[in-house]
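Working notes, beginning with the structure itself.
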Amino acid sequence: ATGARDRSTISAIQEKLEDRRHWIRADTVEALVAAGDRFVEPLGRLLDASSPRTRAGATTALGRLGRLGLNEFARLGEDPDPRVRGAAARYLSGLGKPAVPLIVSLLSDPEPAVAVEATRALRSNHEDPDVAIPGLIQALSRVGVGWSAAGALASYGVEARRAVPWIIQAYPLGPTERFGWDDATEEALKHIGPPREDDGPFLEAC
């Protein structure tokens with residue numbers, strides 16, 4: 001009887017997480033998180049579901065509950081669907097310093113939206129700047145990602161001063177006719193501070 005009840009619970013959750021309507025999936029995740037640990041086991045089984053929507057929903061719920069370990073996140077970060085990888089990147093930030101190398105690896109994900117989630121994770125997880133900052137510097141040149149990488153670097157304050165020349169190279173100072181995130185340098189410098197004196201030759205070459 002217990003086994004049948006468990007299968008029924010898993011089936012009911014899966015049906016909601018597979019729904020084509022975003023608000024149904026979002027409300028389901030909220031309800032699962034509100035229930036606490038009650039549904040952790042069935043959600044864990046759904047990480048291997050055939051539906052990407054279900055895997056992404058289960059990853060989101062378990063990530064918000066803090067019930068995913070680094071090894072599970074690493075596996076989910078290699079999922080064939082970007083929705084799952086993005087959810088993994090989003091909630092990795094809560095695992096502190098051990099998670100930083102994995103988050104940095106997701107900065108080079110082929111799907112820009114996943115890389116942006118990784119920059120957001122590094123914006124809140126400052127536990128290993130020596131690893132995070134070089135990764136974010138490399139991400140500055142990615143179309144659709146660089147603006148978010150610049151914002152993440154700004155969140156490190158003076159620790160990210162080594163990144164200033166690269167931010168300026170990606171988002172030159174001064175007037176521009178382009179529409180978008182061209183003020184990323186101005187915003188970053190407010191938090192990071194001006195370049196160092198020994199950055200001068202690099203800046204002259206930009």
Side-chain angles (χ1 to χ4, degrees), residues 1-128 131-132 135-136 139 144-145 148-149 151-152 155:
T2 300
R5 185 166 59 249
D6 289 345
R7 287 192 296 273
S8 177
T9 299
I10 292 172
S11 179
I13 294 173
Q14 185 168 6
E15 181 181 355
K16 294 294 186 182
L17 292 178
E18 286 181 2
D19 198 289
R20 290 183 176 276
R21 293 165 293 184
H22 171 75
W23 66 270
I24 291 289
R25 301 197 305 274
D27 284 353
T28 300
V29 169
E30 290 296 333
L32 290 166
V33 172
D37 288 346
R38 180 181 173 189
F39 295 110
V40 165
E41 186 175 351
L43 282 169
R45 298 185 192 182
L46 290 175
L47 292 175
D48 296 311
S50 59
S51 165
R53 287 196 187 103
T54 298
R55 297 198 304 275
T59 299
T60 298
L62 289 170
R64 287 179 57 183
L65 287 167
R67 296 304 299 267
L68 288 173
L70 195 58
N71 289 338
E72 291 168 306
F73 273 120
R75 179 171 69 87
L76 294 165
E78 296 179 350
D79 192 276
D81 193 276
R83 288 170 290 189
V84 180
R85 301 196 304 273
R90 189 177 309 129
Y91 297 105
L92 260 170
S93 62
L95 294 188
K97 187 173 182 176
V100 173
L102 180 54
I103 301 172
V104 168
S105 73
L106 290 169
L107 290 172
S108 49
D109 189 278
E111 173 55 54
V114 176
V116 167
E117 290 292 354
T119 66
R120 290 171 177 164
L122 292 173
R123 187 190 290 253
S124 59
N125 182 340
H126 292 166
E127 295 297 319
D128 197 348
V131 173
L136 288 166
V145 178
S148 190
S155 73

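As a basis for the values below, the full set of heavy atoms in this structure was taken, side chains included, without hydrogen atoms, waters or symmetry mates.
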Quiz item: Do the charged groups of Arg55 and Asp81 touch, with an N to O distance under 4.0 Å?
Solution: no
Quiz item: Are any of the side-chain nitrogens in Arg83 or Glu111 under 4.0 Å away from the carboxylate oxygens of its partner?
Solution: no
Side chains of [X] and [Y]: closer than 4.5 Å at any heavy-atom pair?
X: Thr60; Y: Val33; answer: no
X: Leu92; Y: Leu70; answer: yes
X: Glu30; Y: Arg64; answer: yes
X: Leu76; Y: Leu68; answer: yes
X: Leu106; Y: Glu117; answer: no

Exercise. Give the intermediate values and the outcome of salt bridge (charged side-chain N to carboxylate O under 4.0 Å, His left out) for residues Glu72 and Arg75.
Key: CA-CA 5 Å; Glu72 291 168 306; Arg75 179 171 69 87; 5.8 Å; no
Positive for side-chain contact (heavy atoms from CB on, under 4.5 Å) with [X], one of [options]:
X: Leu62; options: Leu43, Leu46, Leu32; answer: Leu43
X: Val84; options: Val114, Thr59, Leu47; answer: Thr59
X: Arg53; options: His22, Gln14, Arg20; answer: Arg20

Quiz item: Would you find a donor on one side and an acceptor on the other, under 3.5 Å apart, between the side chain of Asn125 and the backbone of Gly96?
Solution: yes
In Å, rounded to the nearest 0.5 Å, how long is the span from [atom1] of [X] to [atom2] of [Y]?
X: Arg90; Y: Phe73; atom1: CZ; atom2: CZ; result: 10.5 Å
X: Glu15; Y: Ile24; atom1: CD; atom2: CD1; result: 10.0 Å
X: Thr119; Y: Leu136; atom1: OG1; atom2: CG; result: 7.0 Å

Quiz item: Stepwise, does the side chain to side chain contact (heavy atoms under 4.5 Å, CB included) test hold for Ile13 with Thr54?
Solution: CA-CA 9 Å; Ile13 294 173; Thr54 298; over 6 Å; no
